Every structure is written in C-alpha cells, then in structure tokens.
There are 2 protein chains.
Amino acid sequence: MAGRAARAAHVDVAAPDRETHERLVEEARTLFAADGYHRVTVRQVCAAARANVAAINYHFGGKYGLYREVLDEAIAVMRDTSDGAMAAGAGGSAEQRLRAFIRVFLHRVGESPDSWIRQLMAHEMANPTEALDDVVREVIAPRIAYLASLVAEILGVDVDDERVMRCVVSVQTQFQAAMANPVARRLVPGLTGDAESLDRLAQHIADFSIGGIRAMREVPSD
Amino acid sequence: MAGRAARAAHVDVAAPDRETHERLVEEARTLFAADGYHRVTVRQVCAAARANVAAINYHFGGKYGLYREVLDEAIAVMRDTSDGAMAAGAGGSAEQRLRAFIRVFLHRVGESPDSWIRQLMAHEMANPTEALDDVVREVIAPRIAYLASLVAEILGVDVDDERVMRCVVSVQTQFQAAMANPVARRLVPGLTGDAESLDRLAQHIADFSIGGIRAMREVPSD
DNA sequence: ACAGCCGTCAAACAACTGTTTTATACATTT
DNA sequence: AAATGTATAAAACAGTTGTTTGACGGCTGT
C-alpha cells in the first residue's frame, strides 16, 4: 500500500514496472469475467500473469483493489456504451430511439474486444460485491432513466406512472438474460455472439418490447 | 456413508435420530436459499442446527449430499407448481392459459412457506452446481415446452419457428428477474412478496408478454 | 560511490474450508 | 450379558484462501 502510494505520487508516466502491473490487469480481466470475483484466486491470476503471489498486494493493495481496477474500467466502457446507445437515433421517435438503443447497446457490449465486460457485469449482478452500488449508480441508473423516458413517451404517460418502471424492468431483464443467463443460453442455440446473431437478438427484443409496451396502453394504471 | 446406508435400510419409520437430521435440513433450506451453495459453510449449518460439525457428513455423506436433499425437495415443489400452473386455465384459449400460468406460478412460488425455493433456484441458476442439469431437465424444460406450445398457438405458427423460443425466453426471464434479480429489486419498490404485489406483477408480465408475442406476428420468421 | 527506493521473489502466516478420526454414550439385537 | 449398530462429540486432518514478511538485486539521485 505504501509502495503503491509512493509510486503513484512521483512516477506517473512510463513507470518501470509497467509490465507486471499491466499483465496482472489483463489476466484479471479475463479471469474475473469468466468466473466472477469470489471464484478467482490471487494465485490463479498471478500464475497466468507469470507474477509472484505478492505482486497483487504490492500493486493493488489486495485482491479487491485489483478487482476494482478491472471493474472501474468496465464501468467506464459501459458508460461510453450507454452514451453511444442513447445518442443513437436522436431526433427520431421514441420507438425509433428505443430500437436504436437496443441495437447499439447489444452490439457494442457483445463485440469481441469488450465481450469480457458483459460477463463481468453479469457476475457482479448475480452475486454482488460491495461495488454493485457503484455499478448501479454509474451505469444502470442512467440507462434506466433514459429507458423510462422512452417508455413514458411511447405510452403517452408520465414517467412516474407505475406502468413505466415495470416495462423498463421487463426490457432491461431481457438484455441481461440474453447476454449472460446460463439457462437462456441452453435454450437459444444461436446465441453465439457473432454480429448477425446479435442483430437478430436485438431485433427480437425491440419488437417484443415495443409490442409489450404498446399493450400497456389498454391497461388501467392501477 | 455406511451409517446412512444402514439407517435407510432397516430403520424406515420413526427413526430415533429424526431430530438432528431434520434440524439440519431445516437450517440448510434457509441458509442455502439465502447465500447459495458455495457461500454456506458446513459449520454455519451445524451451528444453526446446534449439531456437531461431523453431523452433516454422518447423515448426508457430505455437504453436497445435504444440498441435494434440500434441492430435490425444491425440485419436487417446483414440479408440483408447474403442474398446477399448467393445469390452470385448462380449456381456455392459449392467451387465457398463459395468463393463468403466470398468475398461479408467481403466487405459488412467492408464497411465504415456499419463498426459500425461489431464492435457492435463483442461486442455482446464477452460479450452478453440478445439479443444474437435473433442475433444467425436471422443471425448466417441461415449463419451457408448455410455454412454447402456448406461444406457438398464440402466434399461429409451428413450435419450431424460431420466433417461438425467443418469445419464451423473453417471458421466462421476466419470471426469474422479477423474483430474484437484485438489480430489479432495487428498481421496483413494491416488490415485497405479498399477495397483492404478486398479483400486480403477474398482471404486468402477462399483459406485457402477450403484447410482445402478438407483435411478433407482423415480423418475418427470418 | 553510496544511500534510498522500487519491484520481485520464496517462504511463511493466520484464517478458513470440507472431511476424517477417535472416543463415548445409548439402544437394539443375539 | 455380551455384542452390535447408531447418534453425537471433540479434536485433528489436509487443503486452500488472501495476505505478510524479509531478503535480494537493480535503478536512480544527490
């Protein structure tokens, strides 16, 4: 911890230990994404990174410090993705924007270089660490708010109408499940992650969700 | 292990050790449901049941044996629930049967004495043990098959049409998420588990899902 | 050139995990 | 009454976990 602090203090650029630090983060990305925080051991990561067991504690102050470094990166990418997906279809109708959001989001988060992110997030949501609050605040909540505004516009009601949030949950859960749910993966054979498969999935979720939302117009607001 | 075999062999009724055995199972139900298989330690269960650490190995042959006893009970209840939910609305239209299925299923699985089951299942699906295959085969697969037949009938297409399974996944994931997803629970405040809340939830999932399914009629089968 | 810091390493640490052993009562059977 | 089998108990087992230690070499700056 003291070493880390000193290092961050006056060796900002071109640190001489860049290699091990970076190798640990790299391996941690794939390992944490594959098995989740609790299942991964520091010895696994160090072995994969060809580093000593003590390296993680030295560079990151502990296992959780390393995880946070990886997760914070994921959060940043997710925020970018959300921003891009929210910007998509700007100027169009609420339905068009919802379709664009789903398509852009699924593509971005499912693309190969970032595919570890959706796995990591899936694990974090399935069995959360204490970092879930940050994830919710920084990426989920804004996304939910945006989806809520779209749903409200499609329904032609206020965002506070309780039908809105229920619909948002229904849409949101389809994202999550289609991406990471092991049961869903056993049911849909063509969930391979390639671009065409993602396109079809996005198309379905959009069609199904918009159909579901529209149907709520004829339901009393309770 | 030898003790267990001998005990089961010729001490079927009114076993003298009923108490500890039963106490262990009881505590294991709530603990496994709350934290999942991996997180729960045998010492936790034994402490809660006021039994010795060796009791689990003696009575169940090991931690996994105890878990299987609990999980098998859950599977049995779930099968009953599925059967009941499938029988509900018999004779009615596919839409009516789907609505009945959702309502009965959510009520049964959300009711207080069995509420541990949905938590246990949620954990088993989130991070599976080797028992997930049995769960899928015995409770998920039949449920999926039934839902697929309903969706196909509503859509007026064959069950092999790929739109059918996509819709089933969309419906199925709403079940799961609404019941156990920690993120969803942070979004919908009124997810308390009481009868009225469950009723409204069932109503929403049914409306949303049927609206979504209907919308797929106008989508090419790809 | 020398002190000081930095990154690395093998080794050990303390705290757990599930499981096994050994012993002791109690009940049932022979 | 002796022998057998059953349930519980305390203790120890072997393995794994994340973390800490202390020493060694390389580098930098005054």
Side-chain angles (χ1 to χ4, degrees), chain A residues 1-28 31-32 35-70 127 129-131, chain B residues 1-28 31-32 35-70 127 129-131:
Chain A
M1 194 141 75
R4 165 118 180 85
R7 183 184 150 277
H10 52 61
V11 191
D12 304 359
V13 289
D17 61 320
R18 195 78 170 189
E19 296 173 15
T20 303
H21 184 101
E22 200 57 32
R23 250 184 299 138
L24 282 172
V25 174
E26 265 174 44
E27 299 297 335
L31 285 173
F32 280 138
D35 295 338
Y37 176 76
H38 297 280
R39 288 251 209 286
V40 175
T41 71
V42 296
R43 283 173 173 83
Q44 275 179 44
V45 182
C46 291
R50 303 185 310 280
N52 190 271
V53 239
I56 286 181
N57 289 283
Y58 177 76
H59 285 282
F60 307 95
K63 180 186 180 184
Y64 186 71
L66 173 59
Y67 179 72
R68 277 314 295 248
E69 190 127 330
V70 170
N127 27 20
T129 69
E130 43 180 308
Chain B
M1 195 141 76
R4 166 121 179 80
R7 183 184 150 278
H10 51 62
V11 191
D12 304 0
V13 290
D17 60 318
R18 194 76 168 197
E19 296 172 15
T20 303
H21 184 101
E22 200 57 31
R23 251 184 298 136
L24 282 172
V25 174
E26 265 173 48
E27 300 296 336
L31 286 173
F32 281 137
D35 294 338
Y37 176 76
H38 297 281
R39 288 253 213 286
V40 175
T41 70
V42 296
R43 282 174 173 82
Q44 275 180 43
V45 183
C46 290
R50 302 186 312 281
N52 190 271
V53 238
I56 286 182
N57 288 284
Y58 177 76
H59 284 283
F60 307 96
K63 180 187 181 185
Y64 187 69
L66 173 59
Y67 180 72
R68 277 313 295 247
E69 189 127 329
V70 170
N127 26 23
T129 69
E130 43 180 307

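Values in this document were obtained by computation on a predicted structure and should not be read as measured data. Numbers restart at 1 for each chain; the letters A, B, ... are given by sequence-line order, proteins then strands.
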Would you be so kind as to tabulate the donor-acceptor pairs closer than 3.5 Å made by side chains of residues 43-54 of chain B, with sequence neighbours excluded?
unit_1: B/N52; atom_1: OD1; unit_2: B/A54; atom_2: N; d: 2.9

Looking at NE2 of A/H38 and OG1 of A/T129, how far apart are the two atoms once the value is rounded to the nearest 0.5 Å?
-> 6.5 Å
Can you tell me how far C1' of C/dT8 sits from CD of A/E22, to the nearest Å?
-> 18 Å
Nearest whole angstrom, please: distance from the C1' of C/dT17 to the OH of B/Y67.
-> 18 Å
For the side chain of B/K63, starting at C-beta, report the closest nucleotide among C/dT20, D/dT19, C/dG18.
-> C/dG18
Counting only distance, no hydrogens or angles, is the base of D/dA7 paired donor-acceptor with the side chain of B/N52 under 3.5 Å?
-> no
Select one nucleotide: of C/dT8, C/dT19, D/dT6, the one nearest the side-chain heavy atoms of A/T20.
-> C/dT8
Between C/dT20 atom C1' and B/N57 atom CG, what is the distance in whole Å?
-> 8 Å
Are A/R23 and A/E27 side-chain neighbours, meaning at least one heavy-atom pair lies under 4.5 Å?
-> no
Give, for atom CG of B/L66 and atom CG of B/L24, the distance between the pair rounded to the nearest 0.5 Å.
-> 6.5 Å
Figure out the NE2/C1' separation between A/H59 and D/dT19, and round it to whole Å.
-> 15 Å
Starting from P on C/dA10, measure out to CD1 on A/I56 and report it in whole angstrom.
-> 15 Å
Please round to the nearest 0.5 Å and tell me the distance separating atom CD of A/E130 and atom CZ of A/R68.
-> 8.0 Å
Compare every heavy atom of B/L31 with every heavy atom of B/V40, then report the nearest pair and how far apart it is.
-> CG2-O, 3.3 Å
Hey, can you pull the residues of residues 38-50 of chain A with a non-hydrogen atom under 4.0 angstrom from DNA chain C?
-> A/R43
Atom pair distance, as rounded to whole Å: CG in B/D35 and P in C/dT17 | 12 Å
For the side chain of B/A54, counting heavy atoms from C-beta on, which of D/dT20, C/dT21, C/dT19 is nearest?
-> C/dT21
Side chains of A/Y67 and A/F60 in contact at under 4.5 Å (non-hydrogen atoms) | no
Assess the side chains of B/H21 and B/E69: does a donor N or O sit below 3.5 Å from an acceptor N or O?
-> yes
Nucleotides 26-29 of chain C: which of its N/O atoms have a protein N/O under 3.5 Å away?
none

Phosphate contact (C/dG7 OP1 or OP2) by A/H21 side-chain N/O below 4.0 Å = no
Go through C/dT8, C/dA11, D/dA11 for me and flag the one nearest to the B/V53 side chain.
-> D/dA11
Can you name the closest pair of heavy atoms from B/F32 and B/K63 and give their distance?
-> CE2-CE, 4.3 Å
In whole Å, what is the span from the CG atom of B/L66 to the C1' atom of C/dG18?
-> 13 Å
Provide, to the nearest angstrom, the distance between the CD atom belonging to A/E19 and the P atom belonging to C/dT8.
-> 8 Å
